[in-house]
Every structure is written in structure tokens, then in C-alpha cells.
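The chains referred to below are lettered A, B, ... by the order of the sequence lines, with proteins before strands, and numbering in each begins at 1.
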Amino acid sequence: MASNSNPDPNSTEEAHKSLRHSLLGPSLLKAGQDRVNQQKVGEIIYNASKGSKFFKHEERRDEQLTKRIEGILKRKKELEALDLSVYVKKVDEQIAALEASRDLSQTIVHVDCDAFYASVEELDRPELKEVPMAVGGGVLTTCNYKAREFGVRSGMAGYIAKQLCPHLIFLPLNFEKYGQKAEEVREVLAKYDPRYEAGSCDEAFLNITKYLEEHPEMTPDTATEQIRAEVFAHAKITVSAGIAPNARLAKIASNQNKPNGQFRIQPTVDAVRTFMSTLPVRKVNGVGRVFERELQAIGINTWGDVHPLRHLLQPLFSEKLASFLLNCHLGLGRTHVHPVDEYERKSIGTESTFSDLRGPDPLRAKLRSTAVELEKDLANAELKGRTVNLKVKLHTYEVYTRQKALGRAICTAEELYNAALPLLAGLEVEFRPLRLRLMGLRMTQLVDANRGPGRLEELFKNAGTAGAGKRKRERDDEGWEVWPEEEFTQMKAASGEQEEDILLLSQHEVVDSDEEEGEETSAAAAAAAEVAVNSKNANAPEQAPEEERWPCPICTRMLPAEDALFNEHVDFCLSRETIKEAVKGSSGPPDPPEKVQQHQQQEKRPRKIYHIPLMP
DNA sequence: TACATACAC
DNA sequence: AATGGTGTATGTA
């Protein structure tokens, strides 16, 4: 680009400083990445990413965050001009109350497997211990410590890892294997605390207070050493552990001497507060890349830095956030642990990434296969849901969600598809042409599948017995960690289903006058045809009509080709439960609204003529 | 309730 | 050329 508006490349580089840091990834401080040349790694990642859609998206986000931070700084400046003694007094009272509630009586241990998947793979192939190795494909799930020396990290794109470490060995995921191994680890943990709390497959909290009482010859340190030794003897993998008077500190401590080490934070106010005073904010669970930057901007780098600014937290952040910051500063955290199956699940969903998907039929095929997946998961969990949530990621990486509360709980693929299709159709109207790299469906407002239909169940929800939606995690442990199948198989499956769906849709042939945007128009048409099966008046002549009219993508009614009217009608169709009516086979869509509502949405939407042929 | 964002793992 | 899936919490309107 000769006409670069920015003649000095260094100023761009300067502006990208925070972006570079962000690109280093979420597991920067938490992966035990000391003695890696982060400068150099950052350079490689930056250059390897530059120009990609992903990079551009990150760039936009970084700019947005920069703006937000400017706002925070401005508010901070305004605040500092005021008399803040009231705030100081109030927050000091709050701190005193928190301090009074401090409980140092419990001994909590956090056990964390070292590079878990990679370690399990090394058991089968010990020669891999000597070389850099990663598990996962397009994005790395984890990698061994040899690989970490190169700056390779979990969550990193595979091709970037390869640039950092050309000899990196990639292994595919093998969930059954990891699941078995996790079970072996847990067998040991249960002996020390039968009510241990398994966070995910490779970590758990234990409360060993009782165990220590029953074994007075042991100290927290020796007990933990014994746990780790026993895990190694039994499962042949190494774990790290943190010992502390609460879960938050234990979690941080377990990272302190990784791998294969342990660390204790003594249960005294002094020890705890001293430990926190120099601890980087990012080390605490809940502080990620974004919050770290915000805190750093106002001068909080370590938890000790909170104190001089304590009176600004409340006015600068939300109540909850301010309280969170104070709790961290003081080194407070929960002192109880319990099995996870005592939690109530709040949502269940599935999503998948694919390469640039567009066009009505492929998008519908994907929606259908997603619905089928969700149906399986719902059946397994014995759940139904009363709200559907459609998530899409555009090819630009922008994420949008659209949700709809249904009158009743649903669980079949058919119901899910029908409920979500209008949401998809709405997005197609909003973003024409709709090009996706991800689609997901999620159900919320869960109810027990075995518990009577829909809403009535709510009346009994608190009336006794095991609460609805309270599920044991039996085979859920298989679902274990995180990174499921490769996109590869995904795409294959999708194209298979696609054929099916195209067949299904082929009855509504779509004729379009414009080759370039044929897909979008047919998208809307297909949505319309599919939803409003029984709709009358849905058909237009096969030639372009003289008076331009567009069909509503929801109810298929032909409407005057005028943006305001058209949009208003679409909004109406989307907002009311017209879809349900149409599908149920009522005589037709309701009339458009008489009232004119103001909508800021979509005046940018282009105009297209749809020709919807007669139904067979 | 609807939607977005941040986060963990 | 190329950057994941599942679930939670929270803020805002």
C-alpha cells in the first residue's frame, strides 16, 4: 500500500502494543511460562497473525477496549478532584467487615495435573518426553513442557505454534484415554476427601481439614506430598498442588511450583496479605486479558496496588466488581468445597466452527444438524428447555446471539429447528449476505424431561423431592475436557447433511433475477417456505413483477418494496409468535401491524426481489 | 427478557 | 490460508 495513511510504521507498532500482548493469549501468566523470551514470541505471533481476519477482529476489539479505558481514566480523573473522604471511610468499614469474616480454620488443597493430556500421551509413548509435543490440531489443547520452552501454549493456533517450534509434534485428542486417567487420579483424591470438588478433568479441590484431624501425625505439607506421591504411584502422572486456607488461594498456589511441585500459603492474616501484595492481578481466577488491562490502566498491577485506590473501586466499577477486588486484595475466598453434581445446570448447548458457510440451504442444513446434536445432548441429560439461544460467529469473527423464550419446554430436533429458524432468518435479514464460521444452539430455562409438560412443573419446583434439572454427572465425566472433534469431521458431516437438507428444500425452487446475491434471496425464500408451510398468498409469479415487492422472510407475504414498511413488518413477524401459528397450520399469517413502530434497525438492508414458486 | 462481554478450562 | 467448545456470571437496557 503506497498510500498508507500512516507513514511511520513505528507508530502503528506502538499502537499495537496492547494488541501484541493480547495476542500472546489467555494462558500467558498462568501456564508457568517463565524464562521464555516473550518479546520474541510476541513478535513471531504478531507477524504470523498480521493481516488475517482473526487479527483484524482482535485489532478492532483492542481499539474498543482502548476507548473504554479512556473513559475509565476520565472518570478516575473527575473523581480525584472530589472530596473522597466519605468513600474512604465507607470502604474501610467494608474492609473491616470482610476481615472480621475471615476464616483461616480450613485447609484447602487444589490439585492440578501437569500438562494433563500431554502427560497421558507420554505414558503411551515415553520417547515424546524428550521432544516438544502438543495435543490438538487447528488450535492446541495443551502441550508438554519441552514445547513451552518455545513459547508454545494451549489455546494457540497450530500453525503459529509450528512457526515458534518447527519440530513440534502434533498428536490427536483421545478423550477416552484422558477420561480413564482422570478416574484413576480421582480414586486417590477421594481417599483424602470424599467430598472433593472436581473442577474439570485435570483439577480438583479438596478440603483436608478432617483428614488432618484424623491423622495428627501429618501436616498439610506432608499430607499433600503424600497425595501427590500416591497419585503418581497409582496413575503415573505428576500433579502440582496448592495448600491454603481458602479455594482462591489454593488455586493460585498450585500454579506456583508447577510442574510437579507444591506450595503452601500459611493460614495467617500476615502471610496471606503479604502473598497477595506482590501477586500480579492476572494470577487470580477471573482476571483475564481485558480486566488486566483496565486495572493496569488505573495503576493496579498487583493486588497490593488495590489499597491506595480502594476508595475508587466502588465509583469506578460495579458493586460486585469492587467487592471482588477487595476480596482478592485481602486474599479471601470460599472455604468450603463440595461435589459438583450438587450444582444445578443452567444451560446446555452445542456449537461448531466450520469454514465460511453461506447460502440458505447450507445454513439451514447446519442449523438442522446443530439441532440434532442438541437433541442428543438434551436426551442424555434428560432435560428440556424453555428458551432457545442461537449463536453465530460471522466470517469476520463477530459474535451475535439471538434468543427466544418459548411458551413451553421443548427437546426434539424438530422443535429446536423450528424455534431457531426464525432467529436465523432474522439474522439473514440483518446481515445480508450472512456468512458464518460458527453456529451454536443453546437451551436455557431448563426443566426435567421426565417431569410433566412445560410450565406446570414450575409450580412444583420447590415443593420437595429432587429439584428439576438437578442432574448427576454420570457419563458427563466423559465429556470431560474441552476440545472436541476436529473441524474436518465436522465439515464432512455437514456436507452430508447438507445434501439431505437440500433435497428437503428442493420442493421450493427459487428463481432469482440477480446472480450475485442469489443466495441471500433464496435464503429468505427458503426460510419463508419452510416455516410457513401452509401459508397462502406466498407465491409470486416466476417473472419479475412490475411493481417491486419483497416477500417477508418469515411469513412469505409479499410486501411493498419500501424499506420502512418492509422492515416494520419483518420486525413484527419476528417479535410476535406468528411463526408458531404458521407452523401449526393455522390459515395464514396475521396481518401486518397497523401501528407504526420506530425501529433503528436495518435501513442499510439492500432490496431484492424474491420469486417464490408455487408449492407442489 | 434479550443481548453482549468476559472468563475458565 | 489458518485461531475451539461448553458453561457460568454479570452488566445493561
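Distance from the side chain of A/S52 is smallest to C/dA2 among B/dA2, C/dA2, C/dG4. Looking at the side chain of A/S347, the nearest of the listed nucleotides C/dG4, C/dT8, C/dT6 is C/dT8. Out of B/dC3, C/dG4, B/dA6, the shortest distance to the side chain of A/R402 is found at B/dC3. Listed candidates were C/dG7, C/dG11, B/dA4. Nearest to the side chain of A/Y400 is B/dA4. If you check B/dA4, C/dT6, C/dG7 against the side chain of A/T401, the one that comes closest is B/dA4. Listed candidates were B/dC9, B/dA2, C/dT3. Nearest to the side chain of A/D202 is B/dC9. Nearest nucleotide to the A/Y159 side chain, out of C/dT3, C/dG5, B/dA4: C/dT3. The side chain of A/K391 sits closest to C/dT6 out of B/dT5, C/dT6, C/dG4. With distances taken from any side-chain atom of A/F291 to the nucleotides C/dT3, B/dC7, B/dC3, the minimum falls on B/dC7.
Less than 6.0 angstrom separates the ring centroid of A/F55 from the ring centroid of A/Y46. Aromatic ring centres of A/H338 and A/Y343: separated by under 6.0 Å.
In this structure, a donor-acceptor pair under 3.5 Å is absent between the side chains of A/K258 and A/N255. Using modelled atom types and a 3.5 Å distance limit, the side chains of A/N47 and A/S49 yield no donor-acceptor pair.
The interatomic distance linking A/L140 (CG) with C/dT3 (P) rounds to 13 Å, in whole Å. Per the geometry, OH belonging to A/Y343 stands 17 Å off P belonging to B/dA8, to the nearest Å. The interatomic distance linking A/E373 (CD) with C/dG4 (C1') rounds to 16 Å, in whole Å.
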Set out, in order, the CA-CA distance, both residues' side-chain angles and the distance that settles side-chain contact (heavy atoms from CB on, under 4.5 Å) for A/L206 and A/I108, then state yes or no. CA-CA 6 Å; A/L206 285 72; A/I108 309 296; over 6 Å; no
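A sub-4.0 Å separation between OP1 or OP2 of B/dA6 and a side-chain N or O of A/R61 is present. Proximity of A/R68 to the phosphate of B/dA6: a side-chain N or O atom is located under 4.0 Å from OP1 or OP2. Between A/R345 and C/dG7, a side-chain N or O to OP1/OP2 separation shorter than 4.0 Å is present. Contact check, A/Q403 against B/dA4: no side-chain N or O comes under 4.0 Å of OP1 or OP2. Remark: A/N389 is not in phosphate contact with B/dT1, judged by side-chain N or O atoms under 4.0 Å from OP1 or OP2. OP1 or OP2 of B/dC9 lies within a sub-4.0 Å distance of a side-chain N or O belonging to A/K251. In this model, the phosphate group of C/dG4 is approached by a side-chain N or O of A/R437 to a distance below 4.0 Å at OP1 or OP2.
Within the nucleic acid shown, A/I160 comes within 4.0 Å of at least one base atom, counting heavy atoms only. At the heavy-atom level, A/E203 lies under 4.0 Å from the strands shown only through sugar-phosphate atoms.
Using bins of under 30°, 30° to 60° and over 60° for the plane-to-plane angle, the ring pair A/F54/A/Y397 lands in the perpendicular bin.
Both A/K346 and A/L23 sit near DNA chain C, but only A/L23 has its closest nucleotide nearer the 5' end.
Atom name P, nucleotides B/dA8 and C/dT3: the rounded distance is 23 Å, in whole Å.
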